Participant: 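Quick one: this structure, given as structure tokens, is what I'll be asking you about.
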Amino acid sequence: QVQLQESGPGLVKPSQTLSLTCTVSGASIATGYYYWHWIRQPPGKGLEWMGVISYSGSTYYSPHLKIRTYIARDTFKNQVTLQLLSVTPEDTAVYYCAASKTLILGQTAENLYDYWGQGTQVTVSS
């Protein structure tokens with residue numbers, strides 16, 4: 001059973017960098033042939049796909065967020081990380097990591113993904 005757990009600061013100040021970690025258990029992020037996504041949900045809005053890193057380390061980003069988003073991995077710790085630069089209050093959201101067995105770009109339908117983390121709330125405020 002694959003499990004994903006997001007972690008990171010719950011409060012970030014405007015203009016700072018948001019850094020989150022997704023710790024994966026039950027599968028190797030480098031050899032398990034999964035794709036590891038970051039998806040967020042602002043309050044009162046729908047899910048927004050942010051980007052993905054593959055088991056081989058290739059990354060793809062939402063065109064809307066590409067200039068501010070960086071997804072990386074630590075294969076020794078079996079973790080996937082998200083950095084979002086220059087945050088504003090509009091970046092306030094619940095941030096999820098999710099896994100898929102096929103490459104999915106830009107999609108947010110929950111049934112397309114095989115596993116989800118429980119999500120972590122991030123608030124951007126001074």
Side-chain angles (χ1 to χ4, degrees):
Q1 179 71 14
V2 179
Q3 293 184 323
L4 294 79
Q5 179 66 59
E6 305 91 345
S7 61
L11 180 65
V12 182
K13 293 183 178 180
S15 81
Q16 291 187 340
T17 296
L18 165 65
S19 297
L20 297 176
T21 299
C22 176
T23 300
V24 179
S25 60
S28 167
I29 64 171
T31 63
Y33 299 102
Y34 282 98
Y35 296 85
W36 309 95
H37 303 256
W38 285 99
I39 297 167
R40 68 181 182 178
Q41 185 167 28
K45 297 183 180 181
L47 294 168
E48 178 182 23
W49 182 82
M50 302 181 69
V52 61
I53 187 166
S54 75
Y55 52 87
S56 63
S58 299
T59 53
Y60 305 86
Y61 298 103
S62 164
H64 175 63
L65 296 169
K66 184 176 182 178
I67 60 172
R68 298 197 294 131
T69 307
Y70 181 66
I71 297 174
R73 61 179 186 162
D74 185 329
T75 57
F76 292 102
K77 296 181 178 179
N78 215 41
Q79 293 176 332
V80 177
T81 59
L82 169 72
Q83 287 190 313
L84 184 63
L85 282 60
S86 302
V87 297
T88 72
E90 292 185 347
D91 294 311
T92 294
V94 177
Y95 285 76
Y96 297 94
C97 59
S100 65
K101 293 180 181 177
T102 58
L103 179 59
I104 302 170
L105 299 179
Q107 303 298 314
T108 57
E110 294 185 36
N111 61 353
L112 293 178
Y113 296 87
D114 296 276
Y115 302 100
W116 288 80
Q118 64 181 24
T120 186
Q121 172 69 48
V122 176
T123 300
V124 179
S125 175
S126 56

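We use all heavy atoms of the structure for the numbers below, so side chains are in, but hydrogens, waters and symmetry mates are not. One is the number of the first residue; the rest follow in order along the sequence. These figures come from a predicted structure and were not determined experimentally.
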Participant: Taking atom OH of Y70 as the centre, does the number of heavy atoms from other residues, nucleotides or ligands within less than 6.0 Å exceed 12?
Facilitator: no
Participant: Between NE2 of H64 and CE of M50, what distance do you get to the nearest 0.5 Å?
Facilitator: 9.0 Å
Participant: Which residue pairs pass the salt bridge (Lys or Arg N to Asp or Glu O under 4.0 Å) test when at least one of the two sits in residues 103-125, sequence neighbours left out?
Facilitator: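 For residues 103-125, and leaving out neighbouring residues, there are no salt bridge (Lys or Arg N to Asp or Glu O under 4.0 Å) pairs at all.
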Participant: Would you compute the distance between atom CG of L82 and atom CG of L84 and round it to the nearest 0.5 angstrom?
Facilitator: 6.0 Å
Participant: Rounded to the nearest 0.5 Å, what separates atom CD1 in I29 from atom CZ in F76?
Facilitator: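 That separation rounds to 10.5 Å.
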Participant: Can you measure from CG (L85) to CG (L65) and round to the nearest 0.5 angstrom?
Facilitator: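 Reported value, rounded in 0.5 Å steps: 11.5 Å.
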Participant: Can you tell me which residue pairs pass the side chain to side chain donor-acceptor pair (under 3.5 Å) test with a partner in residues 21-31, sequence neighbours excluded?
Facilitator: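 Side chain to side chain donor-acceptor pair (under 3.5 Å) check on residues 21-31 returns T23-Q79, S28-T31.
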Participant: With sequence neighbours left out, write down each residue that passes ring pair (Phe, Tyr, Trp, His ring centres under 6.0 Å) with W36, or none if nothing qualifies.
Facilitator: Y34
Participant: By the rule that ILVMFWY residues connect when side-chain heavy atoms come within less than 4.5 angstrom, directly or transitively, which residues belong alongside Y96?
Facilitator: Y33, Y35, I39, L47, W49, V52, Y55, Y60, V94, L103, I104, L105, L112, Y113, W116
Participant: If every non-hydrogen atom of L20 is compared with every non-hydrogen atom of Y95, which pair is closest and at what distance?
Facilitator: CD1-CB, 3.4 Å
Participant: Kindly list each side-chain donor-acceptor pair under 3.5 angstrom involving residues 118-126, sequence neighbours excluded, with atom names and distances?
Facilitator:
none

Participant: In sequence, state the C-alpha distance, the side-chain angles, and the governing distance for T17 and Q83, and then conclude on side chain to side chain contact (heavy atoms under 4.5 Å, CB included).
Facilitator: CA-CA 7 Å; T17 296; Q83 287 190 313; 4.2 Å; yes
Participant: Going by side-chain hydrogen bond (donor to acceptor under 3.5 Å, both in side chains), name the residues that satisfy it together with S54, two or more places apart in sequence or in a different chain.
Facilitator: S56
Participant: Please list all pairs passing the salt bridge (Lys or Arg N to Asp or Glu O under 4.0 Å) test where one or both residues lie in residues 54-81, with sequence neighbours left out.
Facilitator: R68-D91
Participant: By the salt bridge (Lys or Arg N to Asp or Glu O under 4.0 Å) test, which pairs, at least two apart or in different chains, include something from residues 14-31?
Facilitator: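 For residues 14-31: none.
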Participant: Holding to side-chain contact (heavy atoms from CB on, under 4.5 Å), I want the full list of residues that pass it with E90, two or more places apart in sequence or in another chain.
Facilitator: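 E90 satisfies side-chain contact (heavy atoms from CB on, under 4.5 Å) with T88 only.
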Participant: My understanding is that only residues two or more places apart in sequence, or in another chain, count here; which of them pass side-chain contact (heavy atoms from CB on, under 4.5 Å) with S15?
Facilitator: none
Participant: Examine distances only and state if a side-chain atom of Q3 and a backbone atom of G26 form a donor-acceptor pair shorter than 3.5 Å.
Facilitator: no
Participant: Which hydrophobic side chains are connected to L11, either touching it within the sub-4.5 Å cutoff or through other members that do?
Facilitator: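 Taking Ile, Leu, Val, Met, Phe, Trp and Tyr as members, L11 stands alone, with no cluster partners.
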Participant: Looking at CD1 of I71 and SG of C97, how far apart are the two atoms once the value is rounded to the nearest 0.5 Å?
Facilitator: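 The distance works out to 10.5 Å.
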Participant: Output all residues satisfying salt bridge (Lys or Arg N to Asp or Glu O under 4.0 Å) with E48, sequence neighbours left out; order by chain, then residue number.
Facilitator: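 For E48, the residues satisfying salt bridge (Lys or Arg N to Asp or Glu O under 4.0 Å) (neighbours in sequence not counted) are R40.
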